[in-house]
Amino acid sequence: MRQKIVAGNWKMNTLIEEGAALAKNIADRINEVPSDVQLILAPPFTHLDRVNGIIKGTAAALSAQNCADKDKGAYTGEVSAAMLASTGCKYVILGHSERREYYHETSATLNDKMALALANGLKPIFCVGEKLEEREAGRHFEVVGAQIREVIFNLSPEQLAQVVIAYEPVWAIGTGKTATSAQAQEIHAFIRKTLAEKYGALSEEISILYGGSCKPSNARELFAQKDIDGGLIGGASLKADDFIAIAQSY
Ligand code: PEP
């Protein structure tokens, strides 16, 4: 049985008290979430310790949105995987399209980040997804396949077992446009088939999340698809009602 996951990526939103209130609201209502769904909160770095204190002892898990590609030392402004683990993080989002686009993250950087995250006991939520022009040119399988091969294929089976994959078509992120459940299922199945080429039956164990304008009104249909194991939620994760309703959509 693959782990069902609903993860909230808060991005660069909420001041500390707002973030704490949101986390508390979600923690107080955690019993409304089916017990087989792992809820994950990914607040900004500055909120991690505070949010950890709020959700500790509940079924929700803490995630960071990024980590450094270096172990430690003179890298002003960076936050290491070891630091994240020390604040209580269990997960870290890596390779989000906003990081690839605005901060020029490449597969080479992501290989280093993945290795450091795994070495520090963090489970990477590794994001892949094509841009609009790539989908329109019919290149989405090629693009997503390359993103998987260039990073995931460097992992041992034991390492892959710790990884969650998130398919997030860039054209659907924050745009209100969602991939249809058929479009999403098609590419999730492709990702699983690609994993199977190298890892065989282990591919069946890997959770693959959908991300991109997922909300209470479309989550049920998306999550009903055979190869969709939950969601990475941006905008809708900033409202406790919506986030919990999405987690209830299984
Ligand atoms: C995201 O950026 O991970 C995301 C899925 O955002 P949104 O839900 O706002 O489209």
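Just so you know, residue 1 is the first one in the sequence shown, and it goes up from there. Counting convention: from 1, in listed order, for ligands and their atoms alike.
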Chemist: Look at R139 together with E130 and state whether they make a salt bridge at an N to O cut-off of under 4.0 Å.
Modeler: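 No, no charged N to carboxylate O under 4.0 Å.
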
Chemist: Only heavy atoms count here, so choose which of K11, E98, K177, E168 is nearest to atom 2 (O) of ligand 1.
Modeler: K11

Chemist: Flag the pair E105 and K113 as a salt bridge only when some basic side-chain nitrogen lies within less than 4.0 angstrom of an acidic carboxylate oxygen.
Modeler: yes

Chemist: Which residues satisfy the salt bridge (Lys or Arg N to Asp or Glu O under 4.0 Å) test with E32, sequence neighbours excluded?
Modeler: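 Checked E32 against salt bridge (Lys or Arg N to Asp or Glu O under 4.0 Å); matches are R29.
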
Chemist: Any cation-pi pair here, K4 with Y250, using under 6.0 Å and within 45°?
Modeler: yes

Chemist: For ligand 1, is any non-hydrogen atom under 4.0 Å from I173's backbone (N, CA, C, O), its side chain (CB onward), both, or neither?
Modeler: both

Chemist: Using heavy atoms and a 4.0 Å limit, tell me yes or no: is A236 in contact with ligand 1?
Modeler: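 Judged by the 4.0 Å heavy-atom criterion, A236 does not count as contacting ligand 1.
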
Chemist: Can you tell me if S107 uses its side chain to pair, donor with acceptor, with the backbone of V151 under 3.5 Å?
Modeler: no

Chemist: Any chance CD of E221 has more than 12 other-residue heavy atoms, nucleotides or ligands included, within less than 6.0 Å?
Modeler: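 No.
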
Chemist: Which residues pass the side chain to side chain contact (heavy atoms under 4.5 Å, CB included) test with Y199, sequence neighbours left out?
Modeler: I152, F153, L155, P157, L160, L202

Chemist: Check each atom of ligand 1 against the heavy atoms of A172 and keep those under 4.0 Å away; list them by number with element.
Modeler: 10 (O)

Chemist: Do the non-hydrogen side-chain atoms of E17 and R50 ever get within less than 4.5 Å of each other?
Modeler: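 Yes, close enough: below the 4.5 Å cut-off.
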
Chemist: Quick check on G231 - does any of its heavy atoms sit under 4.0 Å from an atom of ligand 1?
Modeler: no

Chemist: Out of all atoms in ligand 1, which are within 4.0 Å of some heavy atom of G212? Include the element for each.
Modeler: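 Answer, ordered by atom number: 5 (C), 10 (O).
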
Chemist: Is S213 close to ligand 1, meaning an N/O of one under 3.5 Å from an N/O of the other?
Modeler: yes

Chemist: To the nearest 0.1 Å, how far is atom 8 (O) of ligand 1 from its closest protein heavy atom, and which atom is that?
Modeler: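 Nearest neighbour among protein heavy atoms for atom 8 (O) of ligand 1, to 0.1 Å: G234 N, 2.9 Å.
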
Chemist: Only heavy atoms of G211, strictly under 4.0 Å: list the atoms of ligand 1 that pass.
Modeler: 5 (C)

Chemist: Would you mind running through ligand 1 and noting each atom that sits below 4.0 Å from a heavy atom of G174?
Modeler: 7 (P), 9 (O), 10 (O)

Chemist: How far is atom 9 (O) of ligand 1 from its nearest protein heavy atom, and which residue and atom name does that atom have?
Modeler: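 Closest protein heavy atom to atom 9 (O) of ligand 1: G235 N, 2.8 Å.
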
Chemist: Heavy-atom distances under 4.0 Å decide this one: backbone, side chain, both or neither, for A166 against ligand 1?
Modeler: neither

Chemist: Which of the numbered atoms in ligand 1 are below 4.0 angstrom from a heavy atom of H96?
Modeler: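 Going through ligand 1 atom by atom, the ones under 4.0 Å from H96 are 1 (C), 2 (O), 3 (O).
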
